[in-house]
Structures are given as C-alpha cells and as structure tokens.
Chemist: 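Structure provided below as structure tokens; questions to follow.
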Amino acid sequence: MQALRKRQGNDFQTSTQYSKPVPKEKVSSKQRLQFHFDLWLCLTLQNWILDFGRPIVMIVLPLEWFPLNKPSAGDYFHMAYNVITPFLMLKLIERSPTALPRSAVYLCIITFVMGASIHLVGDSINHRLILSGYQLHLSVRENPIIKDLKPSSLIDSFELLYYYDEQLGHLMWYIPFFIILFLYFTGCFTKVKEQKKIPISGWLLLGPSALYYWYLVTEGQIFELFLLTFFAMVAMVIQQQWKGLSPDSNGLFLFYTFSVTTALVVLWVVYLWNDPVLRKKYPGVIYVPEPWSYYTLHVKDSH
C-alpha cells in the first residue's frame, strides 16, 4: 500500500513537471538576445522630437499662444523628455543579456532626472532671454541686454543661471546618461556568430541616431565626456576579444553610432576652425562650437 502511494506521488510529480508553464525568464531571454529595434527606434524618435525639436517648436509656434510668464511648448517637450527617456533607459537595461548593478542604474536614473529638470528651468528662462535679444554666441556679460543691468549684481544672477543651465544641469544630465549606455554596452558581448549581425532596420537607424548624438555632444558641450565613454567602449571591446567575445547586434549598433558621431564632430570642428567670434566664446584646447550659437551668429540675421 505504501509502495503504491509512493508510485502515485512520483507519477503526480512527473505530470506536473511536464505540465508547468515555461518560466518568464526563459521567454524574455530570447527577446534579450534579439536586436532591440523597438527601443532604439523610440529613443531616436523621442530624441529628435523632444530634445532637438524643443527649441524649434518654440521658434515656430506663435508667441501669443504661450505668454512669457507661462510654460512654452518647448517646456512641455522637455517635461515629456524627462519622463520618457528614463523609462526607455530602464527598459533598455531590462533587455541586457547580463545582469547589471541595479544600485548604480537607479542612482544614475535619479541623477539624470534631477539634472534634466535643472536644465528645464534654465533653458526655459534662456529661451525668453533669446526672444528679448540675448545673443547665444556672446558670453553673459557681453550680451547687450545684460551688460548694462542695474544693479550690476543682477549680472551675477544671470551668470548663476547660465551655470545651472549649461554646466551643472548638463553634467548631472549627461554623465549618468552615458554611464547607463556604457553599463548596457558591457553586457552586449557574445560568442554566437548569428547575434553579431546588425539587421537592416538597425543600419537604417544608425544615421539618424549618430546625427542626433552629434547635436547632443556639440550643443551640450560634452565632447570630453563623450570621448571618454567612447574610449571606454573601445577598451571594453579589446578586453573582451581576448576572451573570444565580440559585441552583439545591439553592442555593434551603439559602437558604430558613437564612431560615426565622433567623425561628425571632427568635421564640424574643422569647418568652424577659423571662426574668430566662436573662437572667442569657446577658448581653450578643446574647441567645439554649439550649433545654436552658429545659428544666431551666421543664420538668424541672414533671414
């Protein structure tokens, strides 16, 4: 009798073993190994629309629709960017084939949101200054609408605003952004030959993605940070090759994007190398002019 019960128990365990559903981890692992076209497409579109398109929509839309004492259309674009981008970055980390340090990822996301929010306020006020005659190719103290302010201590306040907008905000925004991309890249290595091919959809996205990062690096004045990240990626590729590993399709997409971006930045610098006005605003060894400074200096007045 006891032997019969034991055999029935074994039969029950065997049947449940074959009938239980496939774990979610095994299902999602297949998705992690594929090219993440949906995420790369969403990142590219929202970067072009919400970040690059932000100052353009503020110029195109009538000023009467958005009074200067209210948020502009660009401010709403920035708010959407501050929500959508961290979400997409978290989804990208979830798709990583290898487990990444969660504490580092969460800390980077929190810092990213804080930095982007600081930039939101500074950039919003900066846009209103532009509508009042502020010249982006000039320093704060050299601008006609600011240099004669009374009392003169007000100029210090505008320089503080510029610091929050163009320096502190950018650093707290972009440093965690590139750290997350690099952390994701460290998990994109494989020995499987079939996983090392970028699909056609990826090649189609590579151009727009690289062009956006050119804008991000030049307008954000973060060429040193970008170059450091790119060199870290190159070092990671060399290190992993010693182990017989190579970047998968997602890693190759990110690596090629950064490579094309570097080439575009070099071409941009060479094109404006002898510009005396921009040279004065961007002194120092590393000379990378901002596109919008070029626009206010050479394009805006010609139309």
Side-chain angles (χ1 to χ4, degrees), residues 40-88 112 115-138 140 143 145 161-162 164-167 169-170 173-174 177 204-223 226 257 260-261 264-265 267-269 271-272 275 277-278 281-282 288-303:
W40 294 124
L41 176 64
C42 289
L43 276 170
T44 303
L45 287 177
Q46 69 97 28
N47 283 334
W48 274 107
I49 296 173
L50 300 180
D51 190 19
F52 177 79
R54 185 178 71 252
I56 297 177
V57 74
M58 290 190 291
I59 295 174
V60 173
L61 293 182
L63 186 61
E64 295 78 16
W65 293 5
F66 303 95
L68 293 180
N69 60 344
K70 301 293 183 181
S72 67
D75 295 340
Y76 292 115
F77 273 44
H78 208 318
M79 295 176 194
Y81 175 91
N82 292 2
V83 174
I84 296 174
T85 304
F87 174 77
L88 292 176
F112 172 90
S117 300
I118 291 174
H119 183 268
L120 164 62
V121 178
D123 197 61
S124 178
I125 298 174
N126 186 58
H127 169 66
R128 283 147 182 77
L129 292 175
I130 294 174
L131 294 176
S132 301
Y134 186 86
Q135 300 295 316
L136 289 175
H137 60 276
L138 299 175
V140 174
N143 259 271
I145 67 170
L161 175 66
Y162 180 86
Y164 274 118
D165 180 19
E166 298 296 331
Q167 297 183 31
H170 280 186
W173 178 359
Y174 296 130
F177 178 80
L204 293 175
L205 275 180
L206 197 146
S209 179
L211 189 60
Y212 166 76
Y213 281 107
W214 162 82
Y215 170 78
L216 184 72
V217 170
T218 53
E219 187 64 28
Q221 292 294 284
I222 53 169
F223 181 67
F226 170 80
T257 297
V260 176
T261 299
L264 291 174
V265 173
L267 291 175
W268 173 253
V269 172
Y271 174 67
L272 298 174
D275 192 299
V277 178
L278 294 177
K281 183 179 180 181
Y282 304 99
V288 182
E290 297 172 83
W292 282 105
S293 294
Y294 175 82
Y295 170 79
T296 59
L297 177 62
H298 296 293
V299 179
K300 183 179 179 181
D301 294 336
S302 63
H303 287 74

Chemist: Can you confirm whether Leu297 sits close enough to Asp275 that some side-chain heavy atom of one is under 4.5 Å from a side-chain heavy atom of the other?
Modeler: yes
Chemist: Between Ser293 and Glu219, is there a side-chain heavy-atom distance shorter than 4.5 Å?
Modeler: no
Chemist: Hey, are Tyr295 and Glu290 close enough side-chain-wise for a donor-acceptor pair under 3.5 Å?
Modeler: no
Chemist: Quick test of your reading: applying salt bridge (Lys or Arg N to Asp or Glu O under 4.0 Å), list the pairs with at least one residue in residues 46-59, sequence neighbours left out, ordered by first then second residue.
Modeler: Asp51-Arg54, Arg54-Asp123
Chemist: Would you call Trp48 and Leu211 a side-chain contact if the rule is heavy atoms closer than 4.5 Å?
Modeler: yes
Chemist: Nearest heavy-atom pair of Leu61 and Ala73: which atoms, and what distance?
Modeler: CD1-CB, 3.5 Å
Chemist: Does atom OH (Tyr164) have a neighbourhood of more than 12 heavy atoms from anything else shown, all under 6.0 Å?
Modeler: no
Chemist: In sequence, state the C-alpha distance, the side-chain angles, and the governing distance for Asn82 and Phe112, and then conclude on side chain to side chain contact (heavy atoms under 4.5 Å, CB included).
Modeler: CA-CA 8 Å; Asn82 292 2; Phe112 172 90; 5.7 Å; no
Chemist: So, Thr296 and Tyr134: side-chain donor and acceptor under 3.5 Å apart, yes or no?
Modeler: no
Chemist: Checking the side chain of Gln221 only, and the main-chain atoms of Val288 only, is there a donor and an acceptor separated by less than 3.5 Å?
Modeler: yes
Chemist: Would Phe223 and Thr218 satisfy side chain to side chain contact (heavy atoms under 4.5 Å, CB included), going step by step from the backbone distance to the final call?
Modeler: CA-CA 7 Å; Phe223 181 67; Thr218 53; over 6 Å; no
Chemist: Can you tell if the side chain of Tyr212 reaches within under 4.5 Å of the side chain of Thr44, non-hydrogen atoms only?
Modeler: no
Chemist: Tell me every residue that passes ring-ring contact (aromatic ring centres under 6.0 Å, His included) with His78, counting only those two or more places apart in sequence or in another chain.
Modeler: His119, Trp173
Chemist: Could you check, using the six-membered ring where one of them is a Trp, whether Tyr294 and Trp268 have ring centers closer than 6.0 angstrom?
Modeler: yes
Chemist: Please answer whether the main-chain N or O of Leu120 pairs with a side-chain N or O of Ser124 as donor and acceptor at a distance below 3.5 Å.
Modeler: no
Chemist: Would you indicate whether the side-chain heavy atoms of Trp214 and Pro291 approach each other to under 4.5 Å?
Modeler: yes
Chemist: Does any N or O in the side chain of Ser209 come within less than 3.5 Å of the main-chain N or O of Leu205, such that one atom is a donor and the other an acceptor?
Modeler: no
Chemist: Does a side-chain heavy-atom distance below 4.5 Å link Asn47 with Phe52?
Modeler: no
Chemist: Will you find, in the side chains of Tyr76 and Tyr81, an N or O donor that is under 3.5 Å from an N or O acceptor?
Modeler: no
Chemist: Closest heavy-atom contact between Tyr282 and Pro289?
Modeler: CE1-CA, 3.8 Å
Chemist: Report the residues that fulfil ring-ring contact (aromatic ring centres under 6.0 Å, His included) with Tyr174, sequence neighbours left out, ordered by chain and then residue number.
Modeler: His170
